[in-house]
S.K.: 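Dropping the structure in here first, questions after.
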Amino acid sequence: MKRKTMSMHSFYASSSITPPQRPAPPPTDVEPELEPTNVTANPFPLIVVGTIPPPERPNESPNVEMNHTTIDESTNQPRQPIPEFHPSQIISDPGLRIPIEDYALEIRSDVRRAYLLKGRNKAIGHNFEKTKDGRIWRSFQPAWFDTYDWLEYSVEKEAAFCFHCFLFKKPSQAIRFGNDVFTKDGYTRWKTALSNFRKHVGGPSSYHNIAKGDCDDFNNQRASVATQFRVYSKESEISYKIRLTASLDCARYLIAQGEAFRGHDESSTSINKGNFRELLDWYKDKKEDVKEAFDKGPGNAQMICSDIQKDLATACAMEVTKVIKNDIGDKNFSILIDEARDCSIKEQMAVIVRFLDDHGVLQERFLAIKHITDCTSAGIKKALVDVLEYHGLSTSRLRGQGYDGASNMRGEFNGLQKLVRDEAPYAFYVHCFAHQLQLVVVNVAQCSPAIADFFNYIPLIVTQVCSSCKRKDALLAKHQDELLDLMENGKITAGTGLHQEFNITRPGDTRWGSHLKTLLRIFTMWNAVVEVLGIVVVDAREHTCQGGARGLLKNMECFEFVFIMLFLINLLSNTNHLSQALQRKNQNIVEAMRLILDVKESLQSMRDNGWESLFCQAKNFCETHGIDVPNMDDLVGAMGQSVRTKNKVTRLHYYKVSIFNVAIDATITEMNHRFNEVSTELLDCMSCLNPANNFSKFNVDKLIRLAEIYDEDFTEADRLMLGVDLPRFLMNIRRSEEFNGCRDVSTLARLMVETMKHTSFQLVYRLIELTLILPMATSSVERIFSAMKIIKTDLRNKLSDDWLNDLMVCYCEKEIFRSIPDDQIMIQFQKMRDRKGHLPHEFHVIS
């Protein structure tokens with residue numbers, strides 16, 4: 001077999017073997033020392049005649065990794081090397097990174113590979129700081145990233161750095177020649193940037209090109225010493241690909257289904273080796289080529305160990321996150337954040353980004369879940385900034401925040417929203433509309449003494465009829481018999497999905513829609529509930545053993561209980577429709593405001609015209625179920641007081657005024673108080689973009705004011721042009737047939753992209769984008785925590801934070817995860833670390 005040739009430079013650069021020591025020749029093109037940025041230029045500069053080469057050191061080679069000892073400047077003592085590293089610990093900002101030489105020698109390869117996978121920091125979306133050079137304001141130009149593949153930018157220092165020199169430049173080179181500009185200090189002289197960038201690159205033997213060559217050799221796994229000592233035939237590469245593909249297929253299935261990977265006993269004699277190995281064994285039994293590849297493959301490259309399983313999940317998560325970041329690009333975005341405690345008593349923070357993609361479709365994508373130890377506003381803010389920086393998202397592009405009503409989140413002076421706005425002043429905060437609506441429902445449950453007593457009875461009724469298996473079975477059996485009788489009499493019809501078996505649950509103040517759901521189920525299973533309570537009363541051995549079932553039965557079979565139940569079902573149905581609409585992913589702030597106004601109008605209409613129909617409904621229900629209907633002209637105590645009180649009113653006044661009107665008035669008042677954002681100037685201006693009724697609310701002055709509020713996104717010239725573009729846009733849209741029937745802003749944005757009008761009216765489309773990405777509900781974050789309960793259970797409570805994040809990203813973004821091809825994931829997997837096997841040449845693993 002013909003041996004492949006390789007250079008000695010590649011041989012030693014990709015290995016840990018020390019070459020024979022010999023004097024290093026002086027470089028032919030020494031990198032010049034750049035002028036410091038904070039020193040005033042000397043009016044009488046020295047004339048440099050020539051460059052003095054560095055003194056030769058016989059024991060130093062530029063291509064050898066050495067364990068240099070660094071000094072801690074604060075204590076003037078040798079700094080201890082960092083012994084451990086995880087890819088999640090990498091720092092995106094080059095001005096804040098830990099030097100490579102500060103890590104222990106044995107983990108430096110892992111550090112370098114993690115940074116190479118992360119890529120250089122381009123500060124996408126960052127507004128580069130401008131500095132005055134004489135009379136001209138200068139700044140870093142993003143186009144330089146395309147010209148120089150090594151260039152990266154530090155947001156913290158507002159300076160340029162060299163990615164290759166950071167990874168592979170020897171520390172002794174910087175100390176001897178003072179060339180720390182592109183690795184430590186950062187370059188900020190933008191006037192002479194291009195010429196100094198070329199000087200930094202230098203000739204073929206410059207330190208930069210040596211570092212770049214080391215980087216290329218490091219990426220080329222086939223050129224490593226370990227690879228050269230092994231023999232990789234075409235058949236072995238194909239066999240390795242088959243094993244890796246089989247393991248990836250099993251991993252993708254388990255990730256998508258949220259199933260566990262590991263087993264308690266994974267030995268060859270175990271009956272149950274865990275889901276991953278059991279699924280892989282089943283796979284091998286079905287595929288002969290797969291079984292042959294595993295049987296004939298080397299024992300140290302079977303691709304089944306726990307580290308391989310985690311690396312496969314990490315590769316999948318990295319590809320999913322890469323798709324999300326590519327969709328965001330340099331666009332504006334908003335964030336949705338919430339916290340929850342998992343089953344291992346850890347506080348987890350979920351982060352979702354909300355943005356408008358290239359097709360004009362509003363997206364909410366799960367970015368990461370992070371374990372936080374400090375739940376204060378400052379601690380959460382630090383964790384949030386770390387997540388955004390790790391994924392290369394600049395806070396300067398942040399245009400909205402969506403949280404719940406916790407004090408550490410919404411605090412006006414020290415809350416998270418205030419701390420974020422200190423750095424991103426245009427990241428406007430909106431208290432989650434769905435949370436506020438639930439608070440309205442909770443307030444309705446306490447607005448009247450009669451309604452408060454009613455909701456005190458409901459949990460007791462649920463407990464009595466569902467507290468034991470015997471009572472629950474009796475409840476379901478009696479309800480089933482009732483349904484069969486109704487079907488035989490032709491009063492209801494049978495069909496797929498109809499009349500499913502369900503249970504009665506207690507209403508919860510924090511569970512959206514739970515009050516209405518409980519009342520609807522009691523209404524549906526009324527006869528069964530009454531009969532089970534009767535059974536509890538009869539079967540009790542002593543009167544004290546019935547748990548108050550007799551009193552509950554007496555309260556249920558009265559007109560007041562029925563009236564309040566039917567009234568609250570009608571009342572909460574209005575708010576429940578709004579709650580369901582607010583929980584949609586593609587919901588926008590303009591449509592949410594319109595729905596809130598619709599609910600207020602519906603409640604007012606119910607107060608003015610809904611009494612007669614409600615009273616008739618309650619009266620018919622009582623007559624059907626044998627409940628006495630009292631005389632409405634009888635006198636009773638006002639507000640449910642004793643009959644001996646002198647302040648008496650008729651029953652009609654009691655039910656209509658003290659219950660009906662009070663509850664509706666309290667609901668409307670609470671909604672006006674909770675949703676006071678609707679009347680703010682920002683949302684009032686955004687409502688002018690609503691296309692309903694042929695843009696009836698369109699107002700040029702308010703939209704120009706909206707552009708003034710987002711001063712960062714619109715210059716004075718842009719605001720001047722909006723005065724011309726907005727009327728022209730309105731006339732153009734009204735003449736276009738494609739926009740006939742457009743009723744919401746989301747559809748408007750999508751149609752503008754489909755018809756290419758977003759290029760003709762770029763400023764108007766920018767206003768629409770800012771309107772859509774402003775968050776109005778955190779229901780997407782609540783879904784993330786529901787998924788977390790599926791993945792991290794009591795039996796899987798030892799999942800590490802990074803392992804949990806990788807599984808969560810793939811599980812919650814299944815649409816993206818399933819669209820990623822296997823080859824793309826396998827290439828990412830190969831790049832993560834040196835592998836014992838190689839994929840065939842057509843995969844182009846070299847980065």
S.K.: Do Arg365 and Glu813 sit within salt-bridge range, that is, some charged N less than 4.0 Å from a carboxylate O?
M.R.: yes
S.K.: Go through it in stages, so that I can follow the logic: the residues are Lys418 and Phe413, the test is side chain to side chain contact (heavy atoms under 4.5 Å, CB included), and I'd like the CA-CA distance, side-chain angles, deciding distance and then a yes or no.
M.R.: CA-CA 6 Å; Lys418 177 61 170 59; Phe413 300 104; 5.6 Å; no
S.K.: Should we say atom CZ of Arg743 is surrounded by more than 12 heavy atoms from elsewhere, each under 6.0 Å from it?
M.R.: no
S.K.: Does Leu248 reach the side chain of Cys316, with side-chain heavy atoms less than 4.5 Å apart?
M.R.: yes
S.K.: For the pair Thr395 (side chain) and Leu398 (backbone), establish whether a donor and an acceptor sit closer than 3.5 Å, ignoring hydrogens and angles.
M.R.: no
S.K.: Under 4.0 Å between a Lys/Arg side-chain N and an Asp/Glu carboxylate O for Lys381 and Glu423?
M.R.: yes
S.K.: So that I can tick it off, tell me whether Asp822 and Arg252 are bridged by a salt bridge, with the cut-off set at under 4.0 angstrom between side-chain N and carboxylate O.
M.R.: yes
S.K.: For Leu772, is there any backbone N or O sitting under 3.5 Å from a side-chain donor or acceptor partner on Arg354?
M.R.: yes
S.K.: Are Asp338 and Thr778 close enough, and set up right, to give a side-chain hydrogen bond (donor to acceptor under 3.5 Å, both in side chains), and what steps lead you there?
M.R.: CA-CA 8 Å; Asp338 203 356; Thr778 60; 4.8 Å; no
S.K.: In terms of side-chain heavy atoms, does Gln824 have a donor or acceptor partner in Glu319 at a distance below 3.5 Å?
M.R.: yes
S.K.: Between Lys331 (side chain) and Asp327 (backbone), is there a donor-acceptor pair under 3.5 Å?
M.R.: yes
S.K.: Taking the side chain from Asn805 and the backbone from Ile369, do they hold a donor-acceptor pair closer than 3.5 Å?
M.R.: yes
S.K.: Can you confirm whether more than 12 heavy atoms, excluding those of Lys325, are under 6.0 Å from its NZ atom?
M.R.: yes
S.K.: Step by step, work out the side chain to side chain contact (heavy atoms under 4.5 Å, CB included) result for Leu748 and Leu689.
M.R.: CA-CA 9 Å; Leu748 175 64; Leu689 290 170; 5.5 Å; no
S.K.: Ignoring hydrogens and angles, tell me if any N or O in the side chain of Asn574 forms a donor-acceptor pair with the backbone of Val599 under 3.5 Å.
M.R.: no
S.K.: Have Gln583 and Ser579 got a donor and an acceptor in their side chains that come within less than 3.5 Å?
M.R.: yes
S.K.: Using only heavy-atom distances, determine whether the side chains of Asp713 and Asn332 contain a donor-acceptor pair under 3.5 Å.
M.R.: yes
S.K.: Once salt bridge (charged side-chain N to carboxylate O under 4.0 Å, His left out) is applied, do any residues pair with Asp357, and if so which ones, sequence neighbours excluded?
M.R.: none
S.K.: Apply salt bridge (charged side-chain N to carboxylate O under 4.0 Å, His left out) to Asp374 and list each qualifying residue two or more places apart in sequence or on a separate chain.
M.R.: none
S.K.: Assess, by modelled atom type and distance only, whether the side chains of Ser377 and Asn414 contain a donor and an acceptor separated by less than 3.5 Å.
M.R.: no
S.K.: Please name all residues satisfying side chain to side chain donor-acceptor pair (under 3.5 Å) with Asp801, sequence neighbours left out, ordered by chain then number.
M.R.: Lys346, His371
S.K.: With the threshold set at 4.0 Å, does a side-chain nitrogen-carboxylate oxygen contact exist between Lys585 and Glu364?
M.R.: no
S.K.: Between Ala313 and Cys810, which heavy-atom pair has the shortest distance, and what is it?
M.R.: O-SG, 4.3 Å
S.K.: If we count only N and O atoms by modelled type, under 3.5 Å, do the side chains of Lys792 and Ser344 hold a donor and an acceptor together?
M.R.: yes
S.K.: Examine the side chains of Asn576 and Lys517 and answer whether a donor and an acceptor come within less than 3.5 Å of each other.
M.R.: no
S.K.: Is it true that Asn127 and Glu712 share a donor-acceptor pair across their side chains at a distance under 3.5 Å?
M.R.: yes
S.K.: Using 30° and 60° as the class boundaries, would you call the ring planes of Phe428 and Tyr426 parallel, tilted or perpendicular?
M.R.: perpendicular
S.K.: Determine whether more than 12 heavy atoms belonging to other residues, nucleotides or ligands lie under 6.0 Å from atom NZ of Lys814.
M.R.: yes
S.K.: Considering only heavy atoms from C-beta outward, does the side chain of Leu578 approach that of Met671 to under 4.5 Å?
M.R.: yes
S.K.: Decide whether a cation-pi geometry holds between Lys831 and Phe829; the criteria are a distance under 6.0 Å from NZ or CZ to the six-membered ring centre and an angle within 45° of the ring axis.
M.R.: no
S.K.: What I'd like to find out is whether the side chain of Ser247 reaches to under 4.5 Å of the side chain of Leu312, using heavy atoms alone.
M.R.: yes
S.K.: Within the supplied structure, the quantity of interest is the number of heavy atoms (other residues, nucleotides, ligands) at a distance under 6.0 Å from Glu754 CD; does it exceed 12?
M.R.: yes
S.K.: Heavy-atom distance under 4.5 Å between the side chains of Leu356 and Tyr765, does that happen here?
M.R.: yes
S.K.: Under 3.5 Å, is there a donor-acceptor pair between the side chain of His435 and the main chain of His431?
M.R.: no
S.K.: For Asn570 and Ser573, test the side chains for any donor-to-acceptor distance below 3.5 angstrom and give the result as yes or no.
M.R.: no
S.K.: What orientation do Phe276 and Phe261 show, parallel under 30°, tilted 30 to 60°, or perpendicular over 60°?
M.R.: parallel
S.K.: Taking the side chain as everything from C-beta on, heavy atoms only, tell me whether Leu572 gets closer than 4.5 Å to Val441.
M.R.: yes
S.K.: Assess the side chains of Glu738 and Thr755: does a donor N or O sit below 3.5 Å from an acceptor N or O?
M.R.: no
S.K.: Do the non-hydrogen side-chain atoms of Ile352 and Ile335 ever get within less than 4.5 Å of each other?
M.R.: no
S.K.: Please determine if Arg766 forms a cation-pi arrangement with Phe714, meaning its NZ or CZ atom is less than 6.0 Å from the six-membered ring centre and no more than 45° off the ring axis.
M.R.: yes
S.K.: Do Asn588 and Thr771 touch side chain to side chain, with heavy atoms closer than 4.5 Å?
M.R.: no
S.K.: Taking C-beta and beyond as the side chain, do Met788 and Asp342 meet within less than 4.5 Å on heavy atoms?
M.R.: yes
